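This one's a predicted model, so the numbers in the text were calculated from it and none came from an experiment.
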Amino acid sequence: MVSLQEQFLKAGLIDKTKAKLANQEKSKQKKVERRTGEQSVDEARLAAQEIQRKNAEKAREANALRDAAAQQKAIMAQIVQMVQQNRQDKTKNGKDDIAYNFTHGTKIERIYVSPAVREHLVAGRLVIVVLGATVELVPRVIADKIEERDASLVVRVKQSAAVVEEDDPYAAFQIPDDLMW
């Protein structure tokens, strides 16, 4: 195996006197190290190790970001597959459809559903899932699985609490189930 110094000599990058001086300097440094017991600090080697450490850290961060993006993409694919396999029809015949309003984020959205589907929504048997611009209805058990993966896609209908205060002047009046807003 040919040393780097010999390769430089053959290529003509250094001459014999420079090579001899470098060898003498190296041997002097080794003698000093043996006498004092201290090792000399090689700044070039330390700088190279620091650069290598920084590059490895950057590579780890890039890999972590790439893995997180791939994980999120896989979760979204699972959600889309669950919705496609379990979505329910919103309407039966289209003639008797009624508007059903719900809030998604800060917006009030509207879908048209049959009266039977509306009853299932109010009872909590069906749940609204918003995927981009599409709104789908899925059974509650599927919505629970979707909510575990991404809760922002699931819109749950708030169940009205039937708790009546003692001094409520309107306690005797019942709110109709078919109240539209």
Side-chain angles (χ1 to χ4, degrees), residues 42-181:
D42 188 4
E43 289 86 16
R45 185 171 53 93
L46 290 177
Q49 286 176 344
E50 182 66 19
I51 289 171
Q52 188 176 15
R53 186 189 61 77
K54 286 181 181 178
N55 287 342
E57 182 65 28
K58 285 180 185 177
R60 273 193 296 276
E61 289 173 4
N63 287 342
L65 288 174
R66 188 182 66 240
D67 291 346
Q71 180 72 17
Q72 185 62 29
K73 188 176 179 181
I75 287 171
M76 197 61 193
Q78 289 174 356
I79 291 171
V80 168
Q81 183 180 12
M82 282 191 280
V83 168
Q84 286 177 348
Q85 290 176 348
N86 298 293
R87 65 179 163 204
Q88 305 293 315
D89 285 335
K90 296 176 199 146
T91 61
K92 295 295 179 197
N93 56 13
K95 297 176 190 171
D96 301 326
D97 293 345
I98 53 177
Y100 184 79
N101 297 318
F102 63 94
T103 56
H104 182 250
T106 58
K107 289 185 172 182
I108 296 176
E109 304 283 338
R110 175 180 291 165
I111 58 172
Y112 290 92
V113 295
S114 67
V117 171
R118 184 186 176 284
E119 292 301 318
H120 288 300
L121 281 168
V122 171
R125 292 185 290 269
L126 287 179
V127 179
I128 299 169
V129 176
V130 180
L131 292 175
T134 62
V135 176
E136 296 293 342
L137 302 176
V138 296
R140 182 179 43 207
V141 289
I142 302 301
D144 292 341
K145 291 178 182 179
I146 293 172
E147 194 169 31
E148 289 173 3
R149 290 165 174 81
D150 190 354
S152 67
L153 301 176
V154 177
V155 178
R156 294 206 182 264
V157 176
K158 303 237 185 319
Q159 300 295 326
S160 61
V163 177
V164 179
E165 295 180 18
E166 294 174 12
D167 59 345
D168 186 11
Y170 298 105
F173 299 100
Q174 296 295 320
I175 299 173
D177 289 339
D178 61 348
L179 184 65
M180 303 294 283
W181 51 278

Which heavy atom in [X] sits nearest to a heavy atom in [Y], and how many Å separate them?
X    : Y    : value
Y100 : R118 : CD1-CG, 3.9 Å
V138 : R87  : CG1-CA, 4.2 Å
V155 : T103 : CG1-O, 3.4 Å
H104 : S152 : NE2-O, 3.3 Å
P139 : N86  : CD-O, 3.3 Å

Working for side chain to side chain contact (heavy atoms under 4.5 Å, CB included), residues D97 and V113: CA-CA 5 Å; D97 293 345; V113 295; over 6 Å; no
For the [atom1] atom of [X] and the [atom2] atom of [Y], what is their distance to the nearest 0.5 Å?
X    : Y    : atom1 : atom2 : value
R125 : Q88  : CZ    : CD    : 12.0 Å
R149 : I75  : CZ    : CD1   : 8.0 Å
H120 : R140 : NE2   : CZ    : 12.0 Å
S114 : D89  : OG    : CG    : 9.0 Å
Q72  : M76  : CD    : CE    : 8.0 Å

Just wondering, do [Y] and [X] contact through their side chains at under 4.5 Å, heavy atoms?
X    : Y    : result
L137 : V117 : yes
K145 : I79  : no
F102 : L121 : no
T134 : V129 : no

Between I128 and V154, does the side chain to side chain contact (heavy atoms under 4.5 Å, CB included) criterion hold? Intermediate values first, please. CA-CA 6 Å; I128 299 169; V154 177; over 6 Å; no
Taking side-chain hydrogen bond (donor to acceptor under 3.5 Å, both in side chains) as the test, write out the residues that go with E136, two or more places apart. none
For R60, what residues pass the side-chain contact (heavy atoms from CB on, under 4.5 Å) criterion, not counting sequence neighbours?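 Applying side-chain contact (heavy atoms from CB on, under 4.5 Å) to R60 gives A56, E57.
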Please determine whether the number of non-hydrogen atoms from other residues, nucleotides or ligands lying under 6.0 Å from atom CD of E50 exceeds 12.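 Buried by this count: over 12 neighbours within 6.0 Å.
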